[in-house]
Amino acid sequence: REAATGPPTPPSRAAPRALAAGAPAPRKGTVTHPGKAILAGDIEICITFPTEYGTYQGLVATVLKQGSNQAILFFVVTSLCNWYQGDNPNKPMNPSDHWSITGTASVRGNTPLDMIKTRMQGLEAHKYRKTWDRGLQILRNEGPKAFYKGTVPRLGRVCLDVA
């Protein structure tokens, strides 16, 4: 029923409450849900994987590696953009401003999964039952540092790829 003063007014949207005193209120639509990033990586690798290797050997390791890679990239890019733009979401930003930080975070975060993936696709892949079996064998036989073999060359490639 309409009041005598005119049509009803739409409900107001209150600003989201900050989690801590003095913290800025989160901006709507600025954070990408990690599930979307993981899904993007999973879809990408399922489409491109057969063109890189005719069988699906190491597919689980590749999906885990690529999904974590995309999740890290989306999170870091969104965080850097939010930090750089501050309270002005219209502030122009060159996407290449953050390529080295983003690439470094990606490499540091998912190189262990990349190592497992690479070993699962190698000539001795038939020796391993599953992705987790391969990871445990690397840890037992070579130690935790083995998961970061090849980090420097991969860092160069990923930073260029992100740029």
Side-chain angles (χ1 to χ4, degrees), residues 16 19 23-24 26-86 89-163:
L19 297 177
R27 291 182 284 158
K28 183 176 177 161
T30 58
V31 177
T32 302
H33 190 278
K36 291 179 182 177
I38 292 168
L39 181 62
D42 292 349
I43 290 171
E44 174 193 359
I45 202 61
C46 286
I47 292 170
T48 62
F49 191 85
T51 64
E52 296 181 25
Y53 301 96
T55 67
Y56 280 91
Q57 187 172 342
L59 177 65
V60 171
T62 303
V63 166
L64 291 172
K65 177 251 176 185
Q66 196 62 20
S68 69
N69 179 56
Q70 295 300 314
I72 291 167
L73 290 174
F74 275 62
F75 174 76
V76 173
V77 166
T78 301
S79 298
L80 288 173
C81 287
N82 288 341
W83 171 76
Y84 179 78
Q85 293 175 327
N90 296 323
K91 183 177 181 181
M93 183 171 179
N94 185 349
S96 65
D97 287 346
H98 52 266
W99 65 270
S100 62
I101 295 171
T102 305
T104 301
S106 170
V107 169
R108 300 289 286 172
N110 78 355
T111 290
L113 287 170
D114 188 55
M115 173 60 71
I116 294 170
K117 172 200 73 85
T118 301
R119 300 271 181 103
M120 291 297 294
Q121 295 169 343
L123 296 175
E124 298 183 5
H126 64 282
K127 293 181 181 180
Y128 312 107
R129 293 182 304 227
K130 297 194 179 218
T131 300
W132 299 117
D133 178 50
R134 183 60 186 143
L136 287 174
Q137 288 191 29
I138 291 171
L139 183 62
R140 285 185 196 137
N141 299 333
E142 301 174 56
K145 289 184 179 179
F147 288 108
Y148 286 92
K149 289 181 178 178
T151 296
V152 174
R154 185 165 179 257
L155 183 61
R157 184 193 64 79
V158 171
C159 285
L160 290 173
D161 183 45
V162 172

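Bear in mind that the values here come from a model prediction, so they are computed numbers and not experimental data.
Expressed to the nearest 0.5 Å, how far OG1 of Thr78 lies from CH2 of Trp83 amounts to 15.0 Å. The CZ atom of Arg108 sits 9.0 Å away from the CG atom of Leu155 when rounded to the nearest 0.5 Å. Taken from CD1 in Ile72 to OG in Ser106, the straight-line distance is 5.5 Å, to the nearest 0.5 Å. Rounding to the nearest 0.5 Å places OG1 of Thr131 at 13.5 Å from NZ of Lys65. Remark: Leu136 CG to Asn141 CG distance equals 10.5 Å, nearest 0.5 Å. Here the CD1 atom belonging to Ile116 is positioned 6.5 Å from the CH2 atom belonging to Trp132, to the nearest 0.5 angstrom.
In this structure Asp42 satisfies the salt bridge (charged side-chain N to carboxylate O under 4.0 Å, His left out) test with no other residue, sequence neighbours excluded. Listed by chain and number, the residues in a salt bridge (charged side-chain N to carboxylate O under 4.0 Å, His left out) with Glu142 are Arg119, Lys149 (sequence neighbours excluded). When the side chain to side chain donor-acceptor pair (under 3.5 Å) test is applied to Thr102, no partner is found at least two apart in sequence or on another chain. Applying the side chain to side chain donor-acceptor pair (under 3.5 Å) rule to Gln66 yields the partners Glu44; only residues at least two apart in sequence or on another chain are considered. Under the rule for a side chain to side chain donor-acceptor pair (under 3.5 Å), the partners of Arg154 that lie at least two apart in sequence or sit in another chain are Asn110, Thr111, Asp114. Residues satisfying the side chain to side chain contact (heavy atoms under 4.5 Å, CB included) test with Lys145, not counting sequence neighbours, are none.
Counting all heavy atoms, side chain and backbone alike, Ala37 lies closest to Ala71 at CB-CA, 3.5 Å. Heavy atoms only, all atoms of each residue included: Arg134 and Met120 are closest at CB-SD, 3.5 Å. The shortest heavy-atom contact between Val76 and Ala105 is CG2-CB, 3.7 Å. For the residue pair Phe74 and Ala40, the shortest heavy atom distance occurs at CZ-CB, 4.4 Å. Contact between Val63 and Cys46 at its shortest, heavy atoms only, is CG2-SG, 4.3 Å.
Around OH of Tyr148, the count of heavy atoms belonging to other residues, nucleotides or ligands within 6.0 Å exceeds 12.
The shortest distance between side-chain heavy atoms of Leu139 and Pro144 falls below 4.5 Å.
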